[in-house]
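Before any comments, here is the structure.
Throughout, a chain's letter reflects where its sequence line sits, starting with A, and its residues are numbered from 1. Side chains are part of it too, since the values below use all heavy atoms of this structure and drop only hydrogens, waters and symmetry mates.
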Number of protein chains: 2
Amino acid sequence: MSTQTTRKRVRRVSAQDEPPLDQGALLDLIGYNCRRAYLDIMALFSLRMEKYALRPVDYTTITLVNTNPNITPKRLARAINVSPPNLGPLLERLETRGLLERRPNPSDKRSQVLALTPEGRALCSKADKTANQLENEATAMLTGNERRELLRLLQKIYL
Amino acid sequence: MSTQTTRKRVRRVSAQDEPPLDQGALLDLIGYNCRRAYLDIMALFSLRMEKYALRPVDYTTITLVNTNPNITPKRLARAINVSPPNLGPLLERLETRGLLERRPNPSDKRSQVLALTPEGRALCSKADKTANQLENEATAMLTGNERRELLRLLQKIYL
DNA sequence: TATTGTTATACTCTATAACTATA
DNA sequence: TATAGTTATAGAGTATAACAATA
């Protein structure tokens with residue numbers, strides 16, 4: 001073994017008696033760090049959202065339809081980064097579960113408008129609470145100010 | 001020789017005359033914001049790294065092997081979140097390109113040790129520079145202090 | 001002619017079980 | 001019996017072309 005003996009407090013990555021590996025230049029990249037933090041949070045997301053059978057994309061979808069009633073599939077597809085052909089089956093599943101309705105657009109017979117059913121709104125409300133709880137849990141090492149600052153900086157990048 | 005240029009779509013601009021949609025509760029979620037920022041940065045990553053034919057996972061791999069010479073595939077697989085069966089073809093490609101070597105582990109004939117070739121180290125060095133440039137470009141709206149603070153907060157979550 | 005949503009399809013990514021050769 | 005790496009395979013996730021109905 002070489003000279004790396006910094007013996008940091010090993011959290012999740014290294015198993016057994018493995019020395020932690022040097023992440024080198026990666027630690028200076030925002031993209032890399034965003035992904036690592038994202039994966040950690042999403043691991044907990046999957047766990048906590050399992051009881052609702054909601055994948056991340058499902059949760060994003062019902063939340064967006066909830067706050068943007070009568071949105072068209074076209075706009076939704078762009079918003080959640082799903083191509084129109086792939087959005088079909090996603091909406092189909094949510095509709096089959098009785099959470100979402102696709103109705104013909106009165107002003108354009110080609111398109112549709114989306115809305116949550118009462119069941120969909122109820123589930124969305126519960127899922128929102130769970131999402132906030134799990135986020136607080138996954139980011140419990142941050143103070144309130146740090147959490148708000150992190151949100152601000154991330155949004156500065158993409159918004 | 002199929003040099004396929006994937007014309008990545010630039011986001012951030014709502015298409016045509018569409019009103020921007022309300023992201024609602026999502027904007028308060030660190031996970032959601034990490035993903036959005038990550039996708040923005042990675043769009044530029046794909047563009048700038050195209051000339052090296054390095055996908056994100058390829059870049060992470062050669063960087064990690066570079067800073068951790070003689071690492072085993074097992075440890076590497078855990079570090080980059082790739083299952084051992086899926087790591088094989090990845091290393092095979094890098095080896096075929098003459099960037100990486102898999103050598104038998106002298107102390108355990110079951111396993112191997114990985115190292116970059118001189119060509120691999122040269123490419124890694126260039127890719128590192130490009131990665132830093134593209135990151136600075138993608139996060140140009142942040143001040144130096146904001147950038148360092150963002151790194152600190154993200155690492156606080158997963159490290 | 002252009003657009004919405006759908007169908008069909010293919011390509012990538014990821015996950016799992018079973019195999020081999022060592023230990 | 002356990003482990004490192006491989007093989008085979010299946011399932012997600014994602015991308016594009018072509019089509020029908022409508023504008």
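Atom CZ of B:Arg35 and atom C1' of D:dT14 are 11 Å apart (whole Å). Protein atom CG of A:Leu39 is 13 Å distant from nucleotide atom C1' of C:dC13, rounded to whole Å. If you measure from atom CG of B:Leu90 to atom P of C:dA15, you get 14 Å, rounded to the nearest angstrom. Between the CD1 atom of B:Ile71 and the C1' atom of D:dA4 there is a distance of 14 Å, rounded to whole Å. The distance between atom NZ of A:Lys109 and atom P of C:dA2, rounded to the nearest whole Å, is 23 Å. A:Arg55 places its CZ atom 19 Å from the P atom of C:dC13, with the value rounded to the nearest Å. What separates CG of A:Asn81 from P of D:dA12 is a distance of 21 Å, to the nearest Å.
Considering only residues two or more places apart in sequence or on other chains, A:Ser46 meets the side chain to side chain contact (heavy atoms under 4.5 Å, CB included) condition with none of them. Residues that satisfy the side chain to side chain contact (heavy atoms under 4.5 Å, CB included) test with B:Ser125, not counting sequence neighbours, are B:Lys129. Applying the side chain to side chain contact (heavy atoms under 4.5 Å, CB included) test to A:Thr143 and every residue at least two apart in sequence or in another chain returns A:Asn145, A:Glu146. Annotation: side chain to side chain donor-acceptor pair (under 3.5 Å) contacts of A:Gln112 (sequence neighbours excluded): none. A:Tyr59 is linked by a ring-ring contact (aromatic ring centres under 6.0 Å, His included) to A:Phe45, counting only residues two or more places apart in sequence or in another chain. Applying the side chain to side chain contact (heavy atoms under 4.5 Å, CB included) rule to B:Leu21 yields the partners A:Leu64, A:Asn68, A:Ile71, A:Arg75, A:Ala79; only residues at least two apart in sequence or on another chain are considered. Residues passing the salt bridge (Lys or Arg N to Asp or Glu O under 4.0 Å) test with B:Asp108 are B:Arg110, sequence neighbours excluded.
Distance alone, capped at 3.5 Å, is enough to place a donor-acceptor pair between the A:Thr117 side chain and the A:Gly98 backbone.
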Output a table of donor-acceptor pairs, distance under 3.5 Å, between side-chain atoms of residues 83-94 of chain A and any protein atom two or more places apart or on a different chain; print 'none' if there are none.
{"from": "A:Ser83", "atom 1": "OG", "to": "A:Asn86", "atom 2": "ND2", "distance (Å)": "2.9"}
{"from": "A:Glu92", "atom 1": "OE1", "to": "A:Arg102", "atom 2": "NH2", "distance (Å)": "2.9"}
{"from": "A:Glu92", "atom 1": "OE2", "to": "A:Thr96", "atom 2": "OG1", "distance (Å)": "3.4"}

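Taking the charged nitrogens against the carboxylate oxygens, A:Glu135 and A:Arg147 do have a contact shorter than 4.0 Å, which makes a salt bridge.
Near DNA chain C, meaning a heavy atom under 4.0 Å away, there are no residues from residues 93-100 of chain A.
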A correct 5'-to-3' footprint of nucleotides 5-11 of chain C, with B, S and - meaning base, sugar-phosphate only and no protein heavy atom under 4.0 Å, is SBBB---

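Within the helix from C:dT1-D:dA23 to C:dA23-D:dT1, the inter-axis angle between the opening and closing five-pair segments is 10°, rounded to 10°.
Backbone-only engagement by B:Asp108 is indicated by non-hydrogen atom pairs under 4.0 Å involving sugar-phosphate atoms exclusively.
The salt bridge (charged side-chain N to carboxylate O under 4.0 Å, His left out) contacts involving residues 56-67 of chain A comprise A:Arg55-A:Asp58, where partners must be two or more places apart or lie in separate chains.
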